[in-house]
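For reference, the structure discussed in these notes is given below.
Naming: A, B, ... by sequence-line order, numbering from 1 per chain. What you see is a predicted model, and the numbers here were worked out from it, not measured in a lab.
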Protein chains: 2
Amino acid sequence: MATVSRVINKNEYVNKETEQKVIVAMQELHYEPSSLARGLAGKKMNTIALMIPDISNPFFPGLARGVEDVAQQYDFNVFLCNSDDLAYKEKSYLEILRKKSIDGLIIISNNVNEEELEPLRMANIPVVLLDRPFNEQNYSVVRSNNRNGAIMAVEHLLAIGCKKIAHIAGPEKFVTARERRLGYEGIVSQYSWYTPSLIEHANFDIEGGKQAVTKLVANNTDIDGIFAGNDLMALGALKQLIKLGKNVPDDIALCGFDGISLTELTQPEITTIQQPIYEMGAAAALTLIKKLKGEITETKIQELDVKLIIRGSTEKGKKLPLAT
Amino acid sequence: MATVSRVINKNEYVNKETEQKVIVAMQELHYEPSSLARGLAGKKMNTIALMIPDISNPFFPGLARGVEDVAQQYDFNVFLCNSDDLAYKEKSYLEILRKKSIDGLIIISNNVNEEELEPLRMANIPVVLLDRPFNEQNYSVVRSNNRNGAIMAVEHLLAIGCKKIAHIAGPEKFVTARERRLGYEGIVSQYSWYTPSLIEHANFDIEGGKQAVTKLVANNTDIDGIFAGNDLMALGALKQLIKLGKNVPDDIALCGFDGISLTELTQPEITTIQQPIYEMGAAAALTLIKKLKGEITETKIQELDVKLIIRGSTEKGKKLPLAT
DNA sequence: ACGTTTTCTGTAACCGGTTACACATGAGGG
DNA sequence: CCCTCATGTGTAACCGGTTACAGAAAACGT
């Protein structure tokens, strides 16, 4: 028994011959060591968990892919938890994860706070905050440069000649939404046309984008540019703008944020600030796994750069193929 | 110790008073039973796995939601496995699932066959096939009525006056793709205009839809209707049709299959055959959990009905708002 | 040749639960 | 009053691994 265990873990003296015999026997008997028993005996389970808030926003599956690929590469499994951004689901998952003895956690969440992660810290389970850090001191963080991205978006809209730019902001409880709004405000507050009513808050989804556009257009008859806080809202915004008979980009130009592939699908295609989605997931997974292996101990912040992708929704004056 | 275990499992004589004392003590000590130890001692882990082929096709997250919600309701956890439709990933997951002692599996796959599931059968782990059954004899199956849906789609295209209808078929290895193609062929083969070149095979994704349209339009100058084998392909098809300067629906009408919400986002919106996505996931989870509880033992096939959702892409002659 | 060190393997305790079994207690029946 | 049975609790074996420890055999140094 002990020798078999040593063969499997290859970390102690085992005679080559015996090792071969064990390996052959394992194959013949189709022996598969039980993760449960190993875990119980104090070994790592080689499983990390990834908690995402919304599986139907393609941004998060995109992150998940990055996490999964890296995990797979290092022989880790990923336990995917979809929290729907609901605090109670997140709490319940955190409990479950502890009971199941996962080795580490990558979490994207606004509802969770330090206190709730305390039990994990006690159990020595490392945590990496992805995309939405609630605390950059005590945890390793992977996120993109949201404020910069917002600035790039607004400056681009100004560069193409927009004279009055509105912002569809995500919920204030999201750091990402706040950062993007701050980036927007930083630029536009210098202009005389700016009024706070140019900011409309909405949920980070298609419906939110639609509703925000309706309000913005009703309250500000002369806006000619919209910076949406994420791509789903930009999609909804575009849909609604068309419905209201606005020409995009000639009447109103539109820029999103995230870089999900759906923005290439619309007519016109949507200009957006592209985050390195896959890479963010991969970086988070790599950081977590290195922590698990003890290769790094200190917490670190990884801020990835975003990129402006110019498409039809901000190319004024260009002749586009007609949709109808 | 034994008494505590009895309190937790509430299945044997325990004095009310003692029970209370145990419960209080558990709270005071923040005691959380270890799933690992329970699993090792032969108990269920209350975890089921869901294997999906493509997390970026919204259809599958939709199924996942259904599965998750029902699982949660019955206090089960879901281990989500994204196989990318790759046989080796699926195989590797099947091994892992066995080692981790999950209780049951819901699988959406073409690559897996009976032989590969044999170890699960030996380990007495029930399996439910979802969406893409490779065998309807030995496993419980949840799927929708694909052939009927295809027939409905084609008949709708005929009803609005299409004189030559093409089909973008998914890969033949998918049962769903085959069934839909058969439904299409069943109807159109009665017509004199039908030729096999009206069927173009493509991958079940946006890019596939684009490519197929390019070929179809090149080979058949007079098609005026397209039935796409799934919505992602329909999205790609629409995009490409517009690029080629075709008016949808007046030049070419378009119908998809699945009923993902993205079809409402385009201009024009896409007519589609709606599957009860969430319900399919929920039904699969319910079946699996009932099997786990021993409430059902026989295998059963659940075929859910689909529904035609008529939208702009098949409403000929209607004035639509302009996109540009 | 003999003591020391290295290599190798087996025994047994342990991880944290479940459960068969033994045993104690009190209630009910004749 | 004694026997039986239902109720309640503790003991110990077990699930399937890991690993500290002990001890055997082989290699090495002098």
[X] side-chain proximity, nearest of [options]:
{"X": "B/A2", "options": "D/dG17, C/dT19, C/dC8", "answer": "C/dT19"}
{"X": "A/R6", "options": "C/dG10, C/dC21, C/dG17", "answer": "C/dG10"}
{"X": "B/N11", "options": "C/dT19, C/dT7, D/dT19", "answer": "C/dT19"}
{"X": "B/N9", "options": "C/dT7, C/dT18, D/dT9", "answer": "C/dT18"}
{"X": "B/S34", "options": "C/dG16, D/dT19, C/dT9", "answer": "C/dG16"}
{"X": "A/K43", "options": "D/dT7, D/dT11, D/dT18", "answer": "D/dT18"}

**Message:** Please check this pair: side chain of A/N146 against backbone of A/E179, looking for a donor-acceptor N/O pair closer than 3.5 Å.
**Reply:**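 No; zero donor-acceptor contacts below 3.5 Å.
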Practice task
Ignoring hydrogens and angles, tell me if any N or O in the side chain of B/N113 forms a donor-acceptor pair with the backbone of B/E115 under 3.5 Å.
Solution key: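 Pair found, side chain donor or acceptor close to backbone of B/E115.
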Checklist entry - Over how many whole Å does the gap from A/M45 atom CE to C/dC15 atom C1' extend? => result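 To the nearest whole Å, that distance equals 13 Å.
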Notebook entry, point to check: Using a cut-off of 4.0 Å on non-hydrogen atoms, how would the nucleic acid contact of A/S5 be classed: base, sugar-phosphate, or nothing?
Noted result: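 The residue A/S5 makes base contact.
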(Q) Counting the atoms with a prime plus P, OP1 and OP2 as sugar-phosphate, which does A/E32 contact under 4.0 Å by heavy atoms, base, sugar-phosphate, or nothing? (A)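 The answer is sugar-phosphate, as A/E32 gets under 4.0 Å only of primed atoms, P, OP1 or OP2.
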Discussion item. On DNA chain D, compare the nucleotides closest to B/G42 and B/T18; which residue's is nearer the 5' end?
Written reply: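 Its nucleotide being nearer the 5' end, the pick is B/T18.
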Query raised in the report: Relative to the 5' end of DNA chain D, which residue comes earlier, B/E19 or B/A37, by the nucleotide with the nearest heavy atom?
Result: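 Nearer the 5' end of the strand: B/E19.
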Quiz prompt | Angle between terminal axes - the helix from C/dA1-D/dT30 to C/dG30-D/dC1, 5 pairs each end, rounded to 10° | solution =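 Between the axes fitted at each end of the helix from C/dA1-D/dT30 to C/dG30-D/dC1 lies an angle of 40°.
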* To do: Please determine, by modelled atom types, if A/N111 and A/D85 share a side-chain donor-acceptor pair under 3.5 angstrom.
  =>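 Yes, a side-chain donor-acceptor pair sits under 3.5 Å.
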### Task
Using distance alone, with no hydrogens and no angle criterion, decide if A/N46 and A/R38 have a side-chain donor and acceptor under 3.5 Å apart.
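Result is no, nothing qualifies.
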